[in-house]
Every structure is written in C-alpha cells, then in structure tokens.
A.B. asks: 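I have a structure here, written as structure tokens, and I will follow up with some questions on it.
Computed over heavy atoms, backbone and side chain alike; hydrogens, waters and symmetry mates excluded. Throughout, protein chains are lettered first and strands after them, A, B, ... in sequence-line order, and every chain is numbered starting at 1.
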There are 2 protein chains.
Amino acid sequence: MTSTRGNPGTDGTDGARGARGPGRRPGRTETREAILAAARELFAEKGYDGASLRAIARSAAVDPALVHHFFGSKEGVFIEAMRFPVDPAVLLPRIMAAPRERLGETMARTFLGVWQDPDRRAPILAMLRSAMTNERAAALMREFLTSALFARAGAATDVPRLRLQAAAGQMIGLVILRYVLRVEPLASASEDEMVELVAPVLQNYLG
Amino acid sequence: MTSTRGNPGTDGTDGARGARGPGRRPGRTETREAILAAARELFAEKGYDGASLRAIARSAAVDPALVHHFFGSKEGVFIEAMRFPVDPAVLLPRIMAAPRERLGETMARTFLGVWQDPDRRAPILAMLRSAMTNERAAALMREFLTSALFARAGAATDVPRLRLQAAAGQMIGLVILRYVLRVEPLASASEDEMVELVAPVLQNYLG
DNA sequence: GTCTATATGATGATAGAC
DNA sequence: GTCTATCATCATATAGAC
C-alpha cells in the first residue's frame, strides 16, 4: 500500500484510451516516473541541498531542463518525490489495534519494517536528511510529525505528547545510527534483535 | 574544561614572552579565533556542505583568502573547529562513578547539560548535521562514537554494545527533535522534565 | 598578515528552437 | 516533449602584490 510507484492513472501504457479529443495529453507516462525515482534516490542519499537538479537529470538520463518542464522548480520535484511512502493514518490504527501490553513490540516491528524496505525507506530518509540542514524541509517534517503523527496518536490514546515524542526520538536516533552512520554492531543487527532491544522502551513510553 | 576557546599557548596576548629569536611568530592571536568561532557557528547551523568558506569569512569580517591562509582548506577549518568540545575520556568516568541504580539519571543529566550550553552544543551539532549528508564527516563521527565512546564504555562495564548504542540512539533522536526539528512540547521542556522522561530508559539499557 | 585577481567549475532558472 | 544556449550566482582554490 502507498507504494512508491504506480499512482493511479499515471502508470502503464495509457491502455485503450485512444483519441480523447482535447483536454488530456497522452504524455507524462514514463520519463516523469524515472525522474521521480532518481530524485527520491538522490534526495535520500544527499538531502535536499546536496542533490542537484542536474544530478537528478543525469541519473534519470534526461535533460535538466526537462525536470523543470515537469515540476517547475526544485521544490516541486521534492514535494512530488516525497508523496508519502508511509501513511500514518493507516499504520497508526494498525499499531494501536495491538493488545496494550504488546504496543511497544508492535510499534517497533512496524517502524523497523518500513525502514527495512528500501523503497519505503528512501523518501523518509530523504526527508530526514533534508530536514537536518534545510529549514523549509525541517518545517515540513515538523508539521508532518506534529499533525500526522503526534496529534493523531495523542487523540487516540491518553499518552502525553512528551512521551510520544521520546518514543519517536528513540526510533529516529536508532535508524540514524543504523542507516546513516552505520555503526556496528547496530548496522548489522537483525530486525528481531532490534525489536527485542527497543520494544521494552517503547512499551515503557506508551504503555 | 575542554571549552571552546583558549587552547593552551594560543590565546591571549602572548604574555611576557618578549623576543624569542627565530622559530615562533607572534601572530595568530585574534582573527584566527574569530574565524574558528564563525566556523563553528556556521557548521552547526548548516552542516559541512552547507557552510561555505566565504560565508565563514564574511561572518568573521575577514577575507576568504585569509581563511585558506590559516587552515589550508575547508576540511582544515572543519577539523580545527571541531577540536573537541566534550571529551568522553573525562565525562564517561564521571558518569560511571554514579551509583549503579542512578546511572540512567546521571547519563541523561550529563548529556543534556552539554547540549544545553550553546558553546558546547555547537561543535556537536555541527558534527551531527555534517555527518547526515557528508560521507567523510559521517566516517569521522562513526569513528569517534565507536572508539571514544562505545569502546571506552564497553571496556569499563559489561553492557553489550547494542545496548550502549540503543541508549546513544535515544539521546541523539531526542536532541534532533528538540534542537533541530524543534518539535513542541519537547523543544520547550525543561532539563528536569527531559531527565525524568529518559532516565528510566537509559537505566534500562545500562543497568 | 592581509588583500586583489583570477582559474575553474557547479548551481537553479529561463527563453525559445524543433 | 525534448533539447540547446545562456544568465546570474555561487563555490573552492591558487598565485602573488603589498
């Protein structure tokens, strides 16, 4: 769900649509997605400021001006590439459906599962890296966390905001050490080891 | 201790040193420190890639070429500006001198105390921001964490590496939410509130 | 020690040909 | 839709005058 490619209506061959008269050009089929894929990868690797439009175009084997043609500006590419890989509105209820004494384990497994999958990891990592050095991206991420995550989780439970944020902090720090700094043995630990490690902590915060 | 300014022998007025013959020029007294202060601030704010030599020079009210003259290259400025604000070799023993059942609280208070102080925070924040998007900086930080922190702490206790790193992850994620993303209410929480929040978690990892 | 001048190259954005 | 050409900026780094 909410996978990286295949927005409804924009993928594939345009099927048997035929001549539709004015209004809708047949284009945007292919290179657009290629550009977005390259953008996600580069933003994830270098962050917003570090990934250049030209590098994205180069990686997509496309002319830089074409990127502009499609998305208008670098920021246009970014927000389009971020279109969310992970929707808290679907993940949160799934977590909170767990029995209360296994909330920590469930949250750990869900969160780490998303990060384990390169396709879902890329946009989040891009957001995180960008937010560290770019104020606009930081504001975007703050807004996302606050309204999509903490507000939602806070409304559905009686866990104080501070505790929700401490739990989020635990997971953010963990993935930074694992996927960005690649500190051993954490970087090579199995998902099960990590769940075992942090589940009690999350349980402490949320339980 | 290990404060930001005042490396022995390089600060102040050169005292009553007088004519010392060849060998040692009287220079480097003032502008050098001004450049380093500006560098720390800008690296902390924008990370290694985002902070330009020119911006550093501008902020220090100095010619860009002078920065080169002193430090040779941008990387030279960086490592000089990083010269450590915080020495685990002095902080770790202090933490581990605490009674075992208060390890978590002591670590939390020590760590948060460092981050509360802008002068000690700046170089660490600079390192962290830089490490997120620059591979050289990431390697530097990984090396620092591994050998100066985890190895030392691992040698002095029987706490497994994974647990040490999970504890570090908790604190890193917390300061990112607090100082970089500035998520509320965490960003405005008092030191005591934060200690109360995370001390049990650290105690769980280290105890 | 401090500066000007410059070499060299990348960036985001735009205008407009085909 | 796709491209060339170009603008205006900014970057790191160097050589060398004073």
Side-chain angles (χ1 to χ4, degrees), chain A residues 10-14 17 19-20 22-39 42-43 45-81 130 133-137, chain B residues 10-14 20 22-39 42-43 45-81 130 133-137:
Chain A
T10 66
D11 60 330
T13 54
D14 272 20
R17 188 183 286 166
R20 260 256 250 88
R24 187 70 164 144
R25 266 79 75 257
R28 84 147 46 141
T29 340
E30 189 173 323
T31 50
R32 191 189 152 95
E33 280 305 316
I35 292 172
L36 284 180
L42 276 168
F43 282 135
E45 197 179 324
K46 300 174 184 290
Y48 183 84
D49 295 311
S52 74
L53 279 189
R54 296 166 115 94
I56 290 171
R58 208 178 307 131
S59 162
V62 145
D63 191 276
L66 193 58
V67 181
H68 260 106
H69 177 63
F70 275 131
F71 305 100
S73 72
K74 186 179 182 179
E75 200 169 317
V77 184
F78 186 70
I79 52 181
E80 206 65 32
S130 303
T133 47
N134 185 289
E135 183 48 45
R136 303 257 302 155
Chain B
T10 65
D11 60 333
T13 55
D14 273 19
R20 260 255 249 89
R24 186 71 162 141
R25 265 78 74 254
R28 82 152 45 144
T29 340
E30 189 171 324
T31 50
R32 192 190 152 95
E33 281 303 318
I35 292 171
L36 284 180
L42 276 168
F43 281 137
E45 196 178 326
K46 302 175 183 291
Y48 182 84
D49 294 310
S52 75
L53 280 190
R54 296 167 112 90
I56 291 171
R58 209 178 307 131
S59 161
V62 146
D63 191 279
L66 192 58
V67 181
H68 258 105
H69 177 62
F70 275 130
F71 305 98
S73 72
K74 185 179 183 178
E75 201 169 316
V77 183
F78 185 71
I79 51 183
E80 206 65 32
S130 303
T133 46
N134 184 290
E135 184 47 46
R136 304 257 301 154

A.B. asks: Heavy atoms only: give me the nearest B:Val67-B:Leu53 pair and the separation to one decimal.
C.D. replies: CG1-CD2, 3.8 Å
A.B. asks: For nucleotides 13-18 of chain C, read 5' to 3', which letter fits each nucleotide if B means a protein heavy atom sits under 4.0 Å from the base, S means only the sugar-phosphate is that close, and - means neither?
C.D. replies: BB----
A.B. asks: Got a sec, which residues hit salt bridge (charged side-chain N to carboxylate O under 4.0 Å, His left out) with A:Glu75, two or more places apart in sequence or on another chain?
C.D. replies: A:Arg136
A.B. asks: Using the ring pair (Phe, Tyr, Trp, His ring centres under 6.0 Å) criterion, which residues pair with A:Phe78? Sequence neighbours excluded.
C.D. replies: A:Phe43, A:Tyr48
A.B. asks: Could you tell me the separation between the CD atom of A:Glu33 and the P atom of D:dG1, rounded to a whole number of Å?
C.D. replies: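 Going from A:Glu33 (CD) to D:dG1 (P), I get 14 Å.
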A.B. asks: Provide, to the nearest angstrom, the distance between the CZ atom belonging to A:Arg58 and the P atom belonging to D:dC3.
C.D. replies: 15 Å
A.B. asks: Between A:Ser52 and C:dA10, is there a contact of a side-chain N or O with OP1 or OP2 at under 4.0 Å?
C.D. replies: no
A.B. asks: Please, which pairs that meet side chain to side chain donor-acceptor pair (under 3.5 Å) have at least one residue in residues 49-72 of chain A, sequence neighbours excluded?
C.D. replies: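 Of all non-adjacent pairs touching residues 49-72 of chain A, those that pass side chain to side chain donor-acceptor pair (under 3.5 Å) are A:Asp49-A:Asn134.
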A.B. asks: Rounded to the nearest angstrom, tell me the gap between atom CG in B:Asp63 and atom P in D:dA13.
C.D. replies: 15 Å
A.B. asks: For A:Ile56 and C:dT11, give me the distance from atom CD1 to atom C1', rounded to whole Å.
C.D. replies: 12 Å
A.B. asks: Please determine, for the side chain of B:His69, which listed nucleotide (D:dT2, C:dG1, C:dT11) has the closest atom?
C.D. replies: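 Closest nucleotide among those given: C:dG1.
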A.B. asks: Could you please spell out the steps behind the salt bridge (Lys or Arg N to Asp or Glu O under 4.0 Å) verdict for A:Glu135 and B:Lys46?
C.D. replies: CA-CA 9 Å; A:Glu135 183 48 45; B:Lys46 302 175 183 291; over 6 Å; no
A.B. asks: With the side chain counted from C-beta on, respond yes when B:Ile79 and B:Phe71 share a heavy-atom pair under 4.5 Å apart, and no when they do not.
C.D. replies: no
A.B. asks: OP1 or OP2 of C:dG1 sitting under 4.0 Å from any side-chain N/O of B:Thr31?
C.D. replies: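 B:Thr31 to C:dG1 OP1/OP2: no side-chain N or O under 4.0 Å.
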A.B. asks: Just the rounded figure in Å: distance from P of C:dT11 to OH of A:Tyr48.
C.D. replies: 14 Å
